[in-house]
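I have placed the structure first, in the form of structure tokens, so that the comments after it can refer back to it.
Numbering starts at 1 and runs along the sequence shown.
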Amino acid sequence: MSFKISMFRLLPVMLLVPALAFSASAVGKVRSVLGEVDRQKAKQKDWTPLRVSSPIYQTDRVRTGQESEVVFGLPDGSIITIAEFAEVEMSQLLESDGKGAFKTRLDIKKGHVNFAVHKLKEKKSSFTFKTATATAAIRGTNGFIGGGDTFFASLATGKLEISLNMAPKGKKGKKSKAQSVNIVAGETVIGADTLVTMKLASSGDTKFAKKVEKIIASGEKDVKVLVKKIEEADAAHQEELKNATKEEPTDGFTLNTASPVTVCDDGLTIEGSYFTKDTSASLILKVGSFTSENLIMVADGKPHNFSQKIALSDANNLWNETSATISFVAGSIVDVKNVDLTVDKACPGVNQKAPSLKFLSYDSIACKMFVSVGEMLGDAGILTISNDGAPVMEEALTRNEQKRVSLSSGIHKYEFSMKDQAGNEAKMEKDLGCYPVKHFNIDVYGNAKEVLKVPPPPKGMQDRITKTLQFKIRSPENDPLYLYKVTVKHNGKVILQESLAQIQSLDYQIPLDLMRNAQNRFDIEVVHKSGFTAKAQKIFEVR
């Protein structure tokens, strides 16, 4: 009986967010250990045993003994199995370039590894395997790869880009260009100086990998002989599969949840059954940042049901997920299935966070304001703006944005409403003024300079000379509400000053006490809320 490793679908990039902080920190986790498996940390000489649930660190070196292997998973859902008599260095594990791309590189010192690698979303991300002979790059596939002096790789699904590390020597000892080949599902490649591709029915099969490695390790250097032996091994392996007993499998799982699933207020429920005799087997459901506990409760080889329910909502940062991944690991068996998700964001139980509205700034002279809309990633809704109760703008938004709003002249009440597709709403009100710059004048009654001939008062009477300063402010709005400040000075001394709400009129009549035998200068200054300043002057000369 054989188990085929199903191909990973791409989980949204938020699944990779925890890896942003990884450098020398833990990037992987051991899922299964069989036999003798040791780890050597960077800059250390000692080897220490690896256990189930042990963390895997970047720059770790892992080796396996006879009839031994280790399975470890990465945060993006990729699974790597290091086979027996192998040694692998974790040169890079989901190492971020700070721009959204991640790099992973495993250096295979000896032996081979089986892989089920998650599809890479970012174009600049890379996942490579390096051996002594060649380097292979993948963007999401599963199969096996390894070799020392002779390289070999095989795919069950996906695509593999392979290039020899050293170019072969051509005529007269000159080096020719290093060979590169691409293989796809169902193909196996081997080679040293040159690479040969074969179409084999057993390509990517983890049990077939052991047979290929044994043939490569035999010491045979003739590629034609190796190809013939591998083709014979492929035929024999297929015959073994045909002759395998029809007994009920003892390790595996099935899904009862059909794909795709539409998720609303009831959340997501994944159901199925498993069967295993491996007490260390694991069955894990992952959706975005959510990882379930081990769903395997009994390991007796008999079918047992499992069910896992989670809420996919923006409240727990899962409502933008597009697939759920269920991974089964038991010994050398790795089985991964995916369920596509369609999250209905019109459901209140899914779409729980209301949009946010924030007042940023406004310019009363340029007559504009700025407001930001948040909590709209992956959502959709309508932004409505009203002026004194009358709608002035309505716009559909599908992301977080900053919006510029034009203001009407004068002071008005602006109401903002942002409602998403599930009915969640955010509201905000602001009283804002708009005062565009407009020139205006101050009309002072009478001549700009008046000469007053006032005879002295009779003896014993107070020498008091009174007059009235009259002026009118010709503001364009003809409304004192638009004025900021009115100031009147007598020979440089303030005799009247009003601002904002104190200004009740545009017509002024100010009683004055004039000085005899002197020039009485009155300076009038009016500041508009737009910042424009109008000035006027009146002089009374008393003789």
Side-chain angles (χ1 to χ4, degrees), residues 1-5 35 63-69 81-88 106-116 129-136 138 141-169 178-244 332-334:
M1 185 197 76
S2 67
F3 289 88
K4 186 175 180 182
I5 305 173
R63 70 182 183 188
T64 58
Q66 184 177 5
E67 296 183 355
S68 303
E69 66 178 23
T81 302
I82 302 176
E84 66 175 340
F85 289 129
E87 188 172 319
V88 179
L106 304 185
D107 289 351
I108 304 173
K109 304 300 182 182
K110 68 175 183 178
H112 78 275
V113 300
N114 304 317
F115 54 85
F129 293 98
K130 184 177 181 181
T131 72
T133 310
T135 299
I138 58 182
T141 179
N142 65 311
F144 59 84
I145 187 170
D149 294 336
T150 301
F151 172 84
F152 63 92
S154 186
L155 288 184
T157 62
K159 180 181 178 182
L160 197 61
E161 301 172 1
I162 307 163
S163 58
L164 291 171
N165 296 334
M166 297 290 292
K169 290 184 179 180
Q179 185 185 7
S180 297
V181 299
N182 294 339
I183 65 171
V184 296
E187 293 183 336
T188 299
V189 64
I190 66 167
D193 292 337
T194 59
L195 297 172
V196 178
T197 302
M198 299 167 279
K199 290 188 178 295
L200 303 175
S202 306
S203 292
D205 190 314
T206 57
K207 292 183 179 180
F208 181 61
K210 295 181 180 180
K211 297 178 180 180
V212 173
E213 183 178 10
K214 186 175 180 180
I215 294 171
I216 296 294
S218 66
E220 178 63 58
K221 299 299 182 181
D222 191 324
V223 175
K224 291 183 179 179
V225 174
L226 290 175
V227 169
K228 183 177 180 180
K229 289 185 176 182
I230 291 173
E231 288 176 341
E232 291 173 350
D234 173 50
H237 186 70
Q238 290 300 307
E239 190 64 27
E240 290 173 8
L241 295 179
K242 291 180 182 179
N243 296 331
S332 62
I333 297 172
V334 178

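Between I162 and L195, the closest heavy-atom pair is CG2-CD1, 3.9 Å. Across every non-hydrogen atom of K221 and D149, the tightest pair is NZ-OD2, 4.0 Å. Across all non-hydrogen atoms, the minimal contact from G148 to A132 is O-CB, 3.7 Å. Here the closest heavy-atom approach between residue E213 and residue G111 is recorded as OE2-CA, 3.1 Å. Across all their heavy atoms, I183 and A153 have their closest contact at CD1-O, 4.1 Å. Here the shortest heavy-atom pairing between A136 and F151 reads CB-CZ, 4.5 Å.
Remark: L164 CG to D193 CG distance equals 7.5 Å, nearest 0.5 Å. Atoms OG1 and CD1, on T133 and I190 in that order, are 11.5 Å from each other to the nearest 0.5 Å. Considering CD1 of I145 and NE2 of H112, their distance stands at 11.0 Å, rounded to 0.5 Å. Taking CD of E87 as the reference point, atom CD1 of I82 lies at 9.5 Å (rounded to 0.5 Å). Atom CD of residue E239 and atom NZ of residue K242 lie 5.5 Å apart, to the nearest 0.5 angstrom.
Partners of D234 according to the side chain to side chain donor-acceptor pair (under 3.5 Å) rule, which considers only residues two or more places apart in sequence or in another chain, are S202.
Annotation: side chain of I138 is in contact with side chain of F115 (closest heavy-atom distance under 4.5 Å). Contact check for F152 versus L226: no side-chain heavy atoms found under the 4.5 Å cut-off.
Of the possible donor and acceptor atoms, none in the side chain of T81 sits under 3.5 Å from a partner among the backbone N and O of V113. Between the side chain of S68 and the backbone N or O of Q66 there is at least one donor-acceptor pair closer than 3.5 Å. Proximity of a side-chain donor or acceptor of T131 to a complementary backbone N or O of I108 within less than 3.5 Å is not detected. In this structure, E67 contributes its side chain and G35 its backbone to no donor-acceptor pair below 3.5 Å. Panel note: side chain T150, backbone G191; no donor-acceptor pair is recorded below 3.5 Å.
Counting non-hydrogen atoms of other residues, nucleotides and ligands closer than 6.0 Å to NZ of K159 gives a total of 12 or fewer.
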* To do: Mind running side chain to side chain contact (heavy atoms under 4.5 Å, CB included) on E84 and E69 for me, showing each step along the way?
  => CA-CA 5 Å; E84 66 175 340; E69 66 178 23; 5.9 Å; no
* Asked: Which is it for N114 and V334 under the side chain to side chain contact (heavy atoms under 4.5 Å, CB included) test, yes or no, and what are the steps along the way?
  -> CA-CA 10 Å; N114 304 317; V334 178; over 6 Å; no
* To do: Report the C-alpha distance between E240 and K211 in whole Å, list the side-chain angles of each, state the deciding distance to 0.1 Å, and finish with yes or no for salt bridge (charged side-chain N to carboxylate O under 4.0 Å, His left out).
  => CA-CA 13 Å; E240 290 173 8; K211 297 178 180 180; 2.8 Å; yes
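Residues T188 and S154 have side chains that bring a donor and an acceptor to within less than 3.5 angstrom of each other.
Ring geometry for H237 against F208 counts as tilted: the plane angle lies between 30° and 60°, on a 0 to 90° scale.
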